[in-house]
Amino acid sequence: MTQRGPAEFTPPPECPVFEPSWEEFADPFAFINKIRPIAEKTGICKVRPPPDWQPPFACDVDRLHFTPRIQRLNELEAQTRVKLNFLDQIAKFWELQGCTLKIPHVEQKILDLYQLNKLVAEEGGFDLVCRERRWTKIAMTMGFAPGKAVGSHLRAHYERVLYPYHLFQSGTNLLVKQEVPIQVKQEPVEIKEINPEPEKSKSRYKKNIPPPPVSMVDLYVCLVCGKGNDEDRLLLCDGCDDSYHTFCLIPPLSDVPRGDWRCPKCLAQECSKPQEAFGFEQACRDYSLKSFGEMADSFKSDYFNMPVHMVPTELVEKEFWRLVGTVEEDVTVEYGADIASKEFGSGFPIKGGKFKVAPHDEKYLRCGWNLNNMAMMTPSVLTHVTADICGMTLPWLYVGMCFSSFCWHIEDHWSYSINYLHWGEPKTWYGAPGFAAEQLEAVMNKLAPELFESQPDLLHQLVTIMNPNTLMAHGVPIYRTNQCAGEFVITFPRSYHSGFNQGFNFAEAVNFCTVDWMPLGRQCVDHYRLLHRYCVFSHDEMVCNMAMKADSLDVVLASAVQKDMQLMNKDERELRDKVCKMGVVRCELFEYNLLADDERQCVKCRTTCYLSALTCPCRPGVQVCLHHAHDLCSCPVSNYTLNYRFTLDDLYPMMNAVRQRAESYDEWASRVTEFMEAKLDKKRNVTVFRVLLEESDEKSFPENDLLRQLRLVTQDAEKCSSVAQQLLNGKRYRTGGGNSPNQLTVEEMRSFVRQLYNLPCCLTQAPLLKELLNSIEDFQQHSEKLLSDEVNADSVSEIESLLEEGSQFDVCLPELPLLRERLEQARWLAGVQQAENLVSNPCGLSLDSMRRLIDRGVGLTPHPSTERTMARLQELLTISEELEEKAQALLKARWGHSMLTQVDGVPAYLPNCLLLQDTVNRAKEWLQEAEDLQVEYSTLYELCSLYAFYKAHAIPVRLEPLDQLEVLVSEVQAWKESAAKTFLIKNSHFTLLEVLCPRWEVGSSLKKMRKMKGECMSSGKKKLVKLDSMSDVERALSDSKDSASAVRLKELESLCALRAANESKLLPTADCASLKVCVCQKPPMGAMLQCELCRDAFHSVCVRRPSDPLDPEAWLCPLCLRSTKPSLAKIQTLLASLQRIRVRLPEGDALRYMIECTVSWQRRAREVIDSYDHSLTSQDCRGASPTQSHRTTGHKRKVRHYITDCYSEVEELMVEGLLLQVSVPETQQLYRLLLSGPPTTDTSHTEHPPYLTPKHSSPQREKAKRRMNREEAEIRDRGMKPKSKKQRMGTEKRRERKAASVSASDVSQSEDSEEDMTQCPAENCLQPEGEEVYWVQCDCCNRWFHMICVGVSAELAAEEDYMCNQSPTLSSSIPSPGCVTDPPRSLTYDL
């Protein structure tokens, strides 16, 4: 923190500004007297003339030459000048000490040496501050930040610069000479010629003085120590040639000064010389108005670096006060002030002047606002001053430039002043009221006492200014204004004022005095006497001049003169008695009015003497006033002569003449004043005032303020009496701008009652009107309290009673319309409250009710309560209408879930509200269900149920999970379509789930197949799967309590039964005519095809033939070929895509189970194929001939049994593989194995083995049972648990299925054929025994033979077709109906 700078200037408040009308502007003294009660409170005021008042500028510009004053701005301000004076004294002190003062810097700021010196003195002096270590405190007081060792720097600077000056001021450095015998030898004359150089300073060293030719004894010794040693430290005073050692001085000097040096004695003599009084210097150049203006404009534009007319007044004001308060910057301006208008002509036109006035401007010659006329007009007492006083009775001219200023002052004799700005830039004024004059003087004396010590009348010199902010900070009221061209500024008696010019301008000013100034004028003379200030004119002479013209005086002025003379005669009598008692006996008549004012001044107080004075022959031309009789001279009082202008006997008749002129008026005026200033209980009736007016008319009293005031008061009282009576009668109205009369307002009535009681007279109607006003005010208070509260529906009765009460008052009550509005608001709120009351209105608010209430509320005056209710109703209506309009649409459209929240909390009765709310509840219920489904995998049934619930309940809401549901369903549908394309055959009457799942029944009725086929053909396209419905198979599966394995067993059992039935009807014993085969259900004929799965025969023309008859591929009939049988890879990809959908489908479960079965079947098929190949290989290795392979009967049976079991298992696996809706290579391999037939152990054997008995087939049943149990265990290991509601198959069912699968050749339907099924039909059956018996099937009659009985080896059965010897040839005309050729398994029948 650095040292604080001056604060930014804050403009004081503005003074009053008056804009008189033409009528008011006609008489300046009457207007000034009118505004005086207001304007004298601020000291200054501004008057704007009417716009058309524009006097011509009559000054002779060519003749106007003047020499301006030079103003250095930083010397104007009192505190700044004190600092500059102090710095001048310090600089002079050090200059006399031979040193140049250089002001030190602290914290990059110039050190305020004056403040430092003052603070150290206030703290008790340098020694005490050092002893108590107060330098830090002083540094902080000066505005420096603590903690930077500034205190030590201040101490060093004080000790070096200020402490020697302090010692000098206290006299400590004045040394006492020691009387020591000094032998001084005569200095030869040649010594003067030794140093012929005309140097101002003398040599500081004795060695520079040439040694005397006579003796080497020192010629100079120190006057302090009396010694002449240390010649290099011996100083010679340049004033008195005394010599001193540098170390003997107080304080001692460290070095020898380079310049002139004065000893302490000479230094005291030089510094004790009185300073010259401060004043403005005159410029060396003489300016014309034009040249001065060019200089002023150039200065301002250069200073602010912008055109003069663009510089803001606020900027100039702040910069001016900154400049006057700084020591570092020195700005000098010039001011053409106090230019006599008598010599160069006034700015206003005057009669007989050189300026020729145009005819339309002649009115300005006689205008009272013409400053040449104002001072000498009749109402001004200055007209009785005989001499022309320039600047007071004659206007002065002022030519200003930027920053040129006029300092704080009051006008001479505390008179009025008026200033008119003819043209140019504004003039800024500051003023203080007259009652604060002594306060302002005290503040300035306190802040700059050094200036007032040397110049007690400093403020009368117009050379000192002080910042208004400083004065305001000390409690002095200050006001400001900017006087623009064409405006007047009036200052009132004893009002201090100052200011500065914003730029080049031309102003004119003059003084004037009115009757009210008379007491202040005499007080000012007494004040001047104390200050020893001269008077501009003699106040006593002016009063005597007016008294000698008593007959022509205005009675008001005569009364004022009489009072002033009474005081004057009293003081004069006392003073003359005092002089007589002193011993003055000589008296002489002397006409002081014949002397000039400066020739008759009191030599002591400089007061202008007029009534009397004392003189002495010893001092001719010198006199003193009687107040300073002891200050004339030292001669005996008896030598004094009392010179007098009038004797006391002459003064009293003069005063009596004035009294006689004013006596009747005074008596009348005293009564008028008494009555008008009477208190409330002593006021008189208006009739007394009428009598006083009649008396003034009878005695022809002159028109004055008192008479005008009395007339005005009487007129007001009569008018108020009439108005009050009309108000009491209830017939008083105020005429407004229209034709209809308007009632008085309460404020007007209150003001009127106040006016009644403020009247100097009393009226009988005043108490009655006051009582009426009290009733009205009580009504207003009650109304305001009610209106300040919130609008309440329960306040209807209270408002109605207030309205009834207020209607009885015949005044304009602003509360009445507000109460009416409040009543409407309360009634409306009551209506709303009643409509919302469920007790009175159970249905609640309806739309029509809300619309009616809103229509009524629109016309109401806005109020927070009604607006809140209106907003609530409007919002409720808007919401209700929207809900009403969208209620039907919501049931059809699909809206966002956010729309549901608008339904909640609607306190309105809507037709569709219940339905909408029910919709919301159903939507929430649906959302809850949808949220519950997201916890785990959802099944398609659950999704479809949720979607069906949404559709069935017609929820007209666009729910967020619905989009996910639709996307999920669409993905499921896409998957099902993809799966259908993968599995289903074109125009298939099976569904995807029917294809994927095992069949409950194999070989349904042909009628049902035809019906389904007809429906598919009639539709023209495949029936698509609907997502919102479930097939019968899906429901059956979902409702079934059996596992998938049980369904599969049922399918196998049904298929075995179907195969047995189909094979049995194709036996040769069957009746071919009654036999119905194929899809057409007709007897066999022509080429026939046999299905490898159901073993039924089909006409080649009714079904589709194989694409390649030579290709050994199992052919399936249309009833068994239920799908396209895609590859396992495609099915696995399809299952993976379903798993990504994360929806559990019956088709997916069926597909998964199909894959499990397929993989399990593949494994078993590979094992069987591998074992089958291994058995063939081992058979081939045993021997080439069958006889060698079966050497013993037991060994042959064992081989046959093994081959037979393996072949049966291949056939069983083949059936299972054909039931699978998957295309796997193992199916073809098994089919080729079956085509090759069972291997034979002995091909040469001609006997056929007998059929297997039931006990032979029991091992196959147990084997099938073990295989099914193994498959179920594998499914459980893979996590595919069957549904809990499905139970496992019983043991007997599994046995029936296995028996059916093994007994594929059993086509007999008789109960006693069971034994034949196990016997070989060969004629010579060998009946082989053993664990493995190999069988071969005839490809014509489909009967099974032991390989060893028919002599077929396993290789031959695998490579070639086998036909028994009982089968007819293909060329036979009537083949055996039980023998069918294969491949392709075609039958030919000739009927």
Side-chain angles (χ1 to χ4, degrees), residues 972-999 1002-1004 1009 1012-1013 1015-1017 1019-1025 1031 1033-1034 1037 1044 1047-1048 1051 1055 1079 1089-1094 1096 1098 1100 1102-1109 1111-1138 1145-1162 1165 1213-1232 1384-1385:
V972 171
Q973 182 174 357
W975 183 88
K976 293 181 71 173
E977 291 178 357
S978 176
K981 291 179 181 179
T982 304
F983 282 95
L984 296 184
I985 303 173
K986 185 177 180 180
N987 297 328
S988 174
H989 61 276
F990 297 107
T991 64
L992 177 62
L993 189 60
E994 291 174 344
V995 170
L996 297 179
C997 293
R999 291 175 290 181
V1002 179
S1004 59
M1009 182 272 294
M1012 296 295 295
K1013 183 177 180 180
E1015 290 177 357
C1016 294
M1017 296 300 293
S1019 63
K1021 57 182 179 179
K1022 183 174 63 176
K1023 192 173 183 180
L1024 298 178
V1025 178
S1031 64
V1033 177
E1034 184 178 352
L1037 289 175
V1047 177
R1048 185 183 176 193
E1051 181 185 24
L1055 182 61
V1079 294
L1089 297 176
Q1090 188 176 20
C1091 177
E1092 292 293 341
L1093 188 58
C1094 65
D1096 198 1
F1098 295 87
S1100 61
C1102 294
V1103 294
R1104 187 176 181 180
R1105 292 173 174 269
S1107 58
D1108 187 5
D1111 186 16
E1113 183 180 359
W1115 179 85
L1116 300 180
C1117 65
L1119 298 179
C1120 295
L1121 187 63
R1122 303 168 65 230
S1123 67
T1124 59
K1125 291 192 176 183
S1127 63
L1128 184 61
K1130 289 184 179 182
I1131 298 176
Q1132 290 175 344
T1133 303
L1134 199 61
L1135 181 62
S1137 63
L1138 178 62
L1145 298 177
E1147 292 85 348
D1149 294 341
L1151 186 63
R1152 188 178 297 106
Y1153 180 73
M1154 178 188 293
I1155 294 175
E1156 295 286 343
C1157 294
T1158 302
V1159 172
S1160 176
W1161 181 86
Q1162 278 186 316
L1213 284 175
M1214 181 63 190
V1215 172
E1216 292 183 17
L1218 293 177
L1219 284 177
L1220 295 175
Q1221 305 301 321
V1222 185
S1223 176
V1224 289
E1226 289 79 3
T1227 305
Q1228 295 296 108
Q1229 296 177 10
L1230 292 176
Y1231 184 66
R1232 291 190 181 94
R1385 296 184 180 273

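- Closest approach of Ala1114 to Leu1218, counting heavy atoms only: CB-CD2, 4.0 Å.
- With contacts defined as side-chain heavy-atom distances shorter than 4.5 Å, the pair Leu1093/Val1215 qualifies.
- Atoms CZ and CZ, on Phe990 and Arg1122 in that order, are 5.5 Å from each other to the nearest 0.5 Å.
- In this structure Phe1098 satisfies the ring pair (Phe, Tyr, Trp, His ring centres under 6.0 Å) test together with Trp1115, sequence neighbours excluded.
- Once rounded to the nearest 0.5 Å, the distance linking CG of Leu984 with CD of Glu977 reads 11.5 Å.
- Contact annotation: the side chain of Phe983 approaches that of Ile1131 to within less than 4.5 Å [non-hydrogen atoms, C-beta and beyond].
- For Ser1137, the side chain to side chain donor-acceptor pair (under 3.5 Å) partners two or more places apart in sequence, or in a different chain, are Trp975.
- Listed here is the closest heavy atom pair of Leu992 and Glu1147: CD2-CG, 3.8 Å.
- Within the 4.5 Å cutoff, the side chain of Asp1096 has no heavy atoms near those of the Gln1090 side chain.
- The shortest heavy-atom contact between Leu996 and Ala1150 is CB-CB, 3.7 Å.
- Atom NZ in Lys976 sits 14.0 Å away from atom OG1 in Thr982 (nearest 0.5 Å).
- Summarising the geometry, atom SG belonging to Cys1094 is positioned 11.0 Å from atom CG belonging to Leu1121; distances are rounded to the nearest 0.5 Å.
- Applying the side chain to side chain donor-acceptor pair (under 3.5 Å) criterion to Glu1226, with sequence neighbours excluded, gives Gln1162, Arg1166.
- Two residues are said to be in side-chain contact when any heavy atoms from C-beta on lie closer than 4.5 Å; Cys1117 and Val1103 fail this criterion.
- Counting only distance, with no hydrogens or angles, the side chain of Ser1160 and the backbone of Glu1156 share no donor-acceptor pair below 3.5 Å.
- The shortest side-chain heavy-atom distance between Leu1151 and Leu1138 does not fall under the 4.5 Å cut-off.
- Considering all non-hydrogen atoms of both residues, Leu1116 and Cys1091 come closest at CA-SG, 3.7 Å.
- Taking 4.5 Å as the limit, every side-chain heavy atom of Leu1134 sits out of range of all side-chain heavy atoms of Lys1130.
- Looking at every heavy atom in both residues, Val995 comes nearest to Ser1123 through CG1-CB, 3.4 Å.
- Without hydrogens or angle criteria, Ser978 side chain to Ala974 main chain gives no donor-acceptor distance under 3.5 Å.
- Taking every heavy atom of both residues into account, Gly1217 and Lys1125 meet most closely at O-NZ, 4.2 Å.
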